[in-house]
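Here is the structure we will look at.
First listed ligand is number 1; within each ligand, the first listed atom is number 1.
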Amino acid sequence: MKTGIDALSFYTPRYYLDLVTLAEARGVDSDKYCVGLGQQHMAVCPPDEDVITMAATAALPLLRNGVGDAIDTIFFATETGTDQSKAAGIYVHSLLDLPSRCRVVELKQACYSSTAALQIACALLRQKPDSKILVLASDIARYGLGTRGEPTQGCGAIAMLVTTEPRLLEIEAESGYYTADVMDFWRPNYKDEAVVDGHFSTKVYLSSLMETWRGYEKASGLSFGDVTRFCYHLPFTRMATKAHHLLARHTGNDQLPDETLDAQIADSLHYNRVTGNSYAASLYEGLTSLLDKSSEDLTGKRIGLFSYGSGCVAEFFSGLVQTGYTDHIRRGAHEKLLSDRVKLSCDEYEAFYSFRLPQDGSDLNVPQNLTGPFRLGRVSEHKRIYQKVG
Ligand code: HMG
C-alpha cells in the first residue's frame with residue numbers, strides 16, 4: 001500500500017524585510033547575508049498573525065470539495081507553541097470548521113517534528129487506509145535583534161494532506177534516524193528568542209546528515225546515484241549547498257561537477273531564499289519549491305529528504321514523485337503569495353518584532369495589519385480570540 005503526500009500548501013505572512021536593508025542597519029556587508037548565507041528576504045509576522053493563523057491559511061485550500069469532512073486526524077508540528085497545554089491545532093480545527101469526529105495533537109522536537117508527524121501519519125494510514133490526515137507545520141524563527149542569528153529568521157506554515165492515494169509524493173518505508181543530546185539551539189520556556197551556538201549547530205547538522213545517510217543507505221540498499229533531487233532542512237540556503245557537497249564527497253561522488261550538485265538542490269531553495277527559516281515547515285517548504293519550480297518532469301524520480309531538528313533528532317528518507325503531480329501543485333498561488341508581499345523598513349520590522357501580547361490576562365484588541373483569511377483579533381482573560389477576515 002502506498003502512503004504519502006497527496007496535496008501541499010504553503011503560507012507565509014504578507015510582510016518581508018530585504019536583507020540588504022537589514023545589513024545596512026546592522027553595519028554589515030550585505031554580501032554576508034546574500035552570498036554567505038544565501039538569503040534575499042526574510043518573512044516577518046505581524047502581531048495579528050501567529051502559528052495558528054498561518055497554519056489555518058495554509059490548510060484552507062486543501063479542504064475544499066468535501067476533503068475537510070474526511071479528515072480524522074490533525075498533527076500540528078511547531079516549536080512556537082502558543083500554550084503549554086492546549087494544542088494549537090484545536091484552534092485551526094475550529095477556524096476551518098472540521099468535523100468533531102477528529103483527533104488533534106501537537107508535536108515538538110525543534111524543526112524535526114513535522115517529519116515525525118508525516119511518518120506517524122503514514123503508519124496510521126496503514127491501519128486505516130480510508131482516512132485522510134492533515135499534517136500542519138508552522139513556526140516563527142526568532143533570534144535577538146542585532147544577533148548573528150537575526151538574518152536567519154523567517155516564518156511560514158505548510159499543510160500536507162497525507163493519504164493512501166498520494167498524488168504528489170509516495171513516502172518510501174526506509175529511513176535513517178539519529179539522536180544526540182547536544183545544546184546547539186534551544187528555547188527555554190521563559191524566553192521568546194532561541195538561544196543558539198550557531199557555528200556548533202551547523203557542525204551538528206552536517207554530522208547528523210552523515211549519520212542518517214549511513215542508516216538510510218543500509219536500510220534501503222540505495223546509493224547517492226539513485227536519488228535525483230535532494231531537499232534539506234533549510235535554516236538558510238547555503239546550509240543546503242554545504243550539506244549536499246559534503247554528502248557527495250562522503251559517498252565518493254566528488255568527481256561530480258559543482259554545477260551538477262548545485263542543480264540537484266537548486267529548485268528546492270527558491271522559496272526559503274525569500275522567506276527565511278520556518279523551522280518545522282522549512283524542509284517541506286523546500287519540497288514545495290522543488291515541485292513548483294522544477295522545469296524538468298520529476299515523474300517517477302526519487303527525492304531524498306533530510307530533516308534536522310536541533311537538540312538533536314535527524315532523519316534521512318525518500319519519496320517517489322507521482323504521475324500527474326503537476327496537475328496538483330499550487331505553483332500559481334504560492335508565487336502570487338510571495339510576489340504580493342509588502343516590503344518593510346527596518347523600523348517597521350523592529351516594531352513588529354517588539355510587539356508583545358499582554359501576559360497578565362488584561363484585554364487587548366490586536367492592531368490590524370494585512371493578514372490572510374484569519375487573524376488574531378483579541379486577547380482577553382488569557383484567551384486568544386481569532387477572527388475570520390473578509
Ligand atoms: P555568523 O557567525 O555571523 O556568520 O553567523 P559567519 O561569519 O559564519 O558567516 C556566514 C558565511 O558568510 C560564511 O560562509 C562567511 O565566510 C560568509 P562559510 O565560511 O560558512 O562558507 N561571509 C561572506 N560572504 C561573502 N561576502 C562577505 C562575507 N562575510 C562573511 N562579505 C550563523 C552565521 C549561521 C552561525 C548564524 O546566522 C546563526 O547562528 N544562525 C542560527 C543558527 C542556524 O541557523 N544554524 C543552522 C544549523 S542548525 C538548524 O538548522 C536547526 C534550526 O533550524 C533550529 C531547529 O531545529 O529548530 C536553526
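Ranking protein heavy atoms by distance to atom 40 (N) of ligand 1, first place goes to T152 OG1, 3.2 Å. Among protein heavy atoms, atom 19 (O) of ligand 1 sits closest to K242 NZ, 4.3 Å. K32 CA, 3.8 Å is the protein heavy atom nearest to atom 23 (C) of ligand 1. The closest protein non-hydrogen atom to atom 31 (N) of ligand 1 is D29 OD2, 3.0 Å. Taking atom 11 (C) of ligand 1 as the reference point, the nearest protein heavy-atom neighbour is G36 O, 3.6 Å. Distance from atom 1 (P) of ligand 1 to its nearest protein heavy atom, with residue and atom name: R148 NH1, 3.5 Å. Atom 43 (C) of ligand 1 has its closest protein heavy atom at S201 OG, 3.7 Å. In terms of protein heavy atoms, atom 38 (C) of ligand 1 is closest to G149 CA, 3.8 Å.
Of the charged side-chain nitrogens involved, none lies within less than 4.0 Å of a carboxylate oxygen, so that E217 and R214 do not count as a salt-bridged pair. Ion pair D192/R187 not flagged as a salt bridge, since none of the NZ, NE, NH1 or NH2 atoms sits closer than 4.0 Å to an Asp/Glu carboxylate oxygen. Taking a cutoff of 4.0 Å between a charged side-chain nitrogen and a carboxylate oxygen, D72 and K132 do not qualify as a salt bridge.
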**Request:** Take D262 and E259 through the side chain to side chain contact (heavy atoms under 4.5 Å, CB included) test and state the conclusion after the steps.
**Result:** CA-CA 5 Å; D262 291 341; E259 301 75 55; 5.7 Å; no
**Request:** Applying side chain to side chain contact (heavy atoms under 4.5 Å, CB included), run through F185 and V195 and close with a yes or a no.
**Result:** CA-CA 6 Å; F185 165 109; V195 186; over 6 Å; no
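Distance check: Q264 CD to T241 OG1 gives 12.0 Å after rounding to the nearest 0.5 Å.
In this structure the side chain of L209 never reaches within 4.5 angstrom of the side chain of L246, judged on heavy atoms. Contact annotation: the side chain of L145 approaches that of E350 to within less than 4.5 Å [non-hydrogen atoms, C-beta and beyond].
Residue-level proximity to ligand 1 for D31 is carried by backbone and side chain together, each with a heavy atom below 4.0 angstrom. Looking at V204 against ligand 1, nothing comes within 4.0 Å, counting heavy atoms.
Counting atoms of ligand 1 from 1 in the listed order, those under 4.0 Å from a heavy atom of Y205 are 50 (O). Those atoms of ligand 1 that come under 4.0 Å of a heavy atom in A110, given as number and element, are 55 (C), 56 (O), 57 (O). With ligand atoms numbered from 1 in the order given, ligand 1 contributes 14 (O), 18 (P), 21 (O) to contacts under 4.0 Å with heavy atoms of R238. The atoms of ligand 1 that sit less than 4.0 Å from any heavy atom of E79 are 55 (C), 57 (O). Atoms of ligand 1 found under 4.0 Å from any heavy atom of H233 (numbered from 1 in listed order, with element): 49 (C), 50 (O), 51 (C), 52 (C), 53 (O). Those atoms of ligand 1 that come under 4.0 Å of a heavy atom in Y143, given as number and element, are 41 (C), 42 (C), 58 (C). Taking every non-hydrogen atom of G309 and a distance limit under 4.0 Å, the qualifying atoms of ligand 1 come out as 56 (O).
Around the CD atom of E335, the shell of radius 6.0 Å holds more than 12 heavy atoms that belong to other residues, nucleotides or ligands.
Taking each of S307, A243, P235 in turn, the one with a heavy atom nearest to atom 44 (O) of ligand 1 proves to be P235.
No N or O atom of T202 sits closer than 3.5 Å to an N or O atom of ligand 1.
A tilted orientation is assigned to the rings of H233 and Y205, their planes being inclined by 30° to 60°.
Atom 13 (C) of ligand 1 is never approached by the protein to below 4.0 angstrom, counting heavy atoms only.
Under the 3.5 Å distance criterion, the side-chain polar atoms of D139 are matched with a main-chain donor or acceptor of E79.
The two residues L168 and D6 have their closest heavy-atom pair at CG-O, 3.6 Å.
A heavy-atom separation below 4.0 Å is not found between Y33 and ligand 1. Residue contacts with ligand 1 include F236, since one of its heavy atoms falls under 4.0 Å from the ligand.
F230 and F224 have their aromatic ring centers within a separation under 6.0 angstrom.
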